[in-house]
Structures are given as C-alpha cells and as structure tokens.
Chemist: 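Before I ask anything, let me first share the structure, which is written out below as structure tokens.
Everything quoted here is computed from the prediction, not taken from an experiment. Proteins come first, then strands; the chains are lettered A, B, ... in the order of their sequence lines, and each starts at number 1.
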Amino acid sequence: MSETHDHSHDHDHPTHTHDGKPIQEDPLPSLEAQILEASVRELLIEKGVISSDDVRRAIDQVESRTPALGAKIVARAWDDPAFKETLMSDSDEALMAFGIDMRPTELCVVENTDDVHNMVVCTLCSCYPRPVLGIPPAWYKRRDYRSRAVREPRAILREFGTDIPEQKQVRVHDSNADLRYLVLPQRPDGTEGWDQEKLARLVTRDAMIGVSDVLEPADIDD
Amino acid sequence: MDPKFQPGDSVQVLHRDQPGHVRTPMYVRGKLGVIERIVGSFPNPELLAVGHSGLPYKMLYRVNFKQGELWEDYDGAPDDTLEIEIYEHWLAPV
C-alpha cells in the first residue's frame, strides 16, 4: 500500500497531496517517548505506586481481548433484534452482558445496509475499540491507511479486495475523539436458522473495521 | 449544559490555527457539514492533555460531511460521506 518517494519534504502544500496519497512515510518510533515511558514506569515502581506485576497484568489483559469478542457481539445482534436495538441505542447497556466496559470512551455501532457501507479510521492517531476487538492491526496505525481512508476510501477498499458498487454510499468514520466505532456488517444470505456460535465464525476483524465483508457460509466448515 | 446545535443543523468548522492536543483535523477545518447527532459533554481534550481536569466540559457532536466538500477532486460516488466528532467550540452556525 505504501511506496517510498525520494523528494524532500521542505515544501509547503495547502493540502498535502502526492497523487492522492497525502502521507506515505511512517516516522521512526520516538526515542524520547520511549525514554519517558520507561522513566515514569520505573519511578512509579520504585515508589511503590504500582508493581512490575501490575504492569504485566495490565498488558496481559489488554492483549487477551481478540476480535472473537466483537464477532460474538455481531452474531448476537444478527440473531436477537432486541439486543441489536440496545446495542445501537445504548451500547454501554448491551456490552454489559459481555462484561465489557468501554469507559471513558463510548462504543458507536454503525450498521451496514443495502445502501450504506461503513468503514473506520483514526486519522489523528490509532483510536480503536480495543475492549471489543483487541489490539489494532499494524496497517490500521500506519500513516498511509490513516490518511488515505478519508481521502480515497474506495481505492483503499479495492486494495483490501472490497469493491463497493457506485450506487452504494461509502461512509467513513474518523474516530478522532471520545467514541470508538464498530461496524455491524450485514448478515449473509444462507444463514437462516444458524445459532450465534456458528454465525460468529463468519465475522472477521476486518469486517468489523469495515474494510471487507464477512465470510460467506461456503467459507467455513460445518 | 444545553447543546447549541441540534441534529440536522448546518455548521461550519472553525478555521483557526491552534497548537496542542487538538482533535479537529486540518482537513475538516473551514468545511461545511451537518450535525448527525449530539454525543454528549466530555472533558476538553485540549486541556486534559496538558494535565488539567478538562473542565469546563465541552459538548461533542458527530458531524456529517459530503466527501466532495472535503476534497475538491474526490474520486468516489457523489453521495459518499465522512462523519467525525467535533467539539462545540470548534463549530459555528451557518
């Protein structure tokens, strides 16, 4: 998705355009930020505010969340209209059933329909619904995805193998502030009578970010 | 805190330069959009980021933009849109 280019960046653009690809390079990780993080962490441990084990546990907990949790939520919304209504109107309440607490953010569920395809990006950093999907994929944090998703979403979608017909609206959600976004994909045909566990197997991480559709019934084993 | 705008209201994002932890990306500044929903009041991230409490809280909205308004040369369908959260102090009535 990215290509390097060799011209220097000392010129000013009103809008930073490179053939429609506004920003291409990822900066190197900031050494300053790494040093700051280590210093603060070591100080807090030294002063007994937190322990190394607390840090490990917190990382363990964050990393234990996977897209399987989001898939369960989507499958239930497909199967249970009352749950879906709560999920769309009062997501805090709906997520309680899954032991998920989004605070201090809120989950905003956006529904794909015959007329609308939703996709999610965070242009300013990499805001992501971690409590329901876990750690974001590497490409979600890359500058090229973040800049191009708002600028040329259909081109990005095609690169992900997702061709949205011209007559269907593409709605991009820039997750820039206090909400986190989950795409509720459309339930595929041919899944009538499936239980939630089987339905959840169709729901991929990428479909919940909105860069692809869910799997087809033929894609999974019985 | 009463919201100044209601869903359906036309708004313009302020075009101002402001350093710091600003959650209004450059590409929407100065652009015309429509309030999609009132999200609620939240601590002001511009103050929160520099160690303050974030008070007074700011009303947050989701604003819908036509892609053609954001990008003159937008290469997609005319109905394509973008939705983003904007705090009230970054919005002006149209």
Chemist: At a heavy-atom distance under 4.5 Å, which candidate from A/V110, A/N118, A/V116, A/V170 has the highest pair count against chain B?
Modeler: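 Of the candidates given, the most pairs with chain B belong to A/V170.
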
Chemist: Heavy atoms only: give me the nearest A/M208-A/L133 pair and the separation to one decimal.
Modeler: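 Looking at all heavy atoms of both residues, the closest pair is CE-CD2, 3.5 Å.
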
Chemist: Output, in order, the C-alpha distance, side-chain angles, deciding distance and verdict of salt bridge (Lys or Arg N to Asp or Glu O under 4.0 Å) for B/K66 and B/D80.
Modeler: CA-CA 6 Å; B/K66 292 265 183 205; B/D80 287 356; over 6 Å; no

Chemist: Which of residues 80-94 of chain A have a heavy atom under 4.5 Å from any heavy atom of chain B?
Modeler: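 Under the 4.5 Å heavy-atom cut-off, nothing qualifies.
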
Chemist: Given a strict heavy-atom distance threshold of 4.5 Å, which part of A/E106 is in contact with chain B: side chain, backbone, both, or neither?
Modeler: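 Looking at A/E106, just its side chain touches chain B.
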
Chemist: Do A/R130 and A/P136 make a side-chain contact, defined as non-hydrogen atoms from C-beta onward lying under 4.5 Å apart?
Modeler: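 Touching, per the 4.5 Å side-chain cut-off.
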
Chemist: For B/Y61 and B/E85, run side chain to side chain donor-acceptor pair (under 3.5 Å): C-alpha distance rounded to whole Å, both residues' side-chain angles, the deciding distance at 0.1 Å, then the answer.
Modeler: CA-CA 5 Å; B/Y61 303 87; B/E85 296 151 55; over 6 Å; no

Chemist: Go through it in stages, so that I can follow the logic: the residues are A/V132 and A/I73, the test is side chain to side chain contact (heavy atoms under 4.5 Å, CB included), and I'd like the CA-CA distance, side-chain angles, deciding distance and then a yes or no.
Modeler: CA-CA 9 Å; A/V132 293; A/I73 296 167; 3.7 Å; yes

Chemist: Which residue out of A/A155, A/P153, A/S175 racks up the most heavy-atom pairs below 4.5 Å with chain B?
Modeler: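 The residue among A/A155, A/P153, A/S175 with the greatest pair count is A/P153.
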
Chemist: Salt bridge check, B/R62 against B/E83: does any charged N sit closer than 4.0 Å to a carboxylate O?
Modeler: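 Result for this pair is yes, salt bridge flagged.
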
Chemist: Taking B/R23 first and then A/D178, would you say they form a salt bridge - that is, a charged N and a carboxylate O separated by under 4.0 Å?
Modeler: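 Salt bridge flag = no for A/D178 with B/R23.
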
Chemist: Heavy-atom distances under 4.5 Å only: say whether B/L82 touches chain A with side chain, backbone, both or neither.
Modeler: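 For B/L82, backbone and side chain are both near chain A.
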
Chemist: In the structure I gave you, are the side-chain heavy atoms of A/H117 and A/L157 within less than 4.5 Å of one another anywhere?
Modeler: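 They are in side-chain contact.
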
Chemist: When you measure from the side chain of A/E111 to the backbone of A/L184, do you find a donor-acceptor pair of N or O atoms at a distance under 3.5 Å?
Modeler: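 No, A/E111 side chain to A/L184 backbone: no donor-acceptor pair under 3.5 Å.
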
Chemist: If you check every heavy atom in residues 39-50 of chain B against those of chain A, which residues fall under 4.5 Å?
Modeler: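 When heavy atoms of chain A are the reference, residues 39-50 of chain B contributes B/V39, B/F42 within the under-4.5 Å range.
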
Chemist: Can you measure from CH2 (B/W90) to CG (B/L14) and round to the nearest 0.5 angstrom?
Modeler: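 Reported value, rounded in 0.5 Å steps: 7.0 Å.
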
Chemist: Would you check if the side chain of A/T204 reaches a backbone N or O of A/V214 as a donor-acceptor pair within less than 3.5 Å?
Modeler: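 Judged by distance alone, no pair lies under 3.5 Å.
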
Chemist: Less than 4.5 Å to any heavy atom of chain A: does that hold for the side chain of B/Y27, its backbone, both, or neither?
Modeler: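 Just the side chain, heavy atoms under 4.5 Å.
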
Chemist: Taking every non-hydrogen pair under 4.5 Å, which of A/A177, A/C108, A/C125 racks up the most with chain B?
Modeler: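 Ranked by contacts with chain B, first place is A/A177.
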
Chemist: Less than 4.5 Å to any heavy atom of chain A: does that hold for the side chain of B/V22, its backbone, both, or neither?
Modeler: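 The answer is the backbone of B/V22.
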
Chemist: Going from NZ on B/K58 to CD1 on B/I86, what distance comes out if it is rounded to the nearest 0.5 angstrom?
Modeler: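 One finds 14.0 Å between NZ of B/K58 and CD1 of B/I86.
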
Chemist: Answer yes if the side chains of A/D115 and A/Q167 hold a donor-acceptor pair under 3.5 Å, and no otherwise.
Modeler: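 Result is no, nothing qualifies.
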
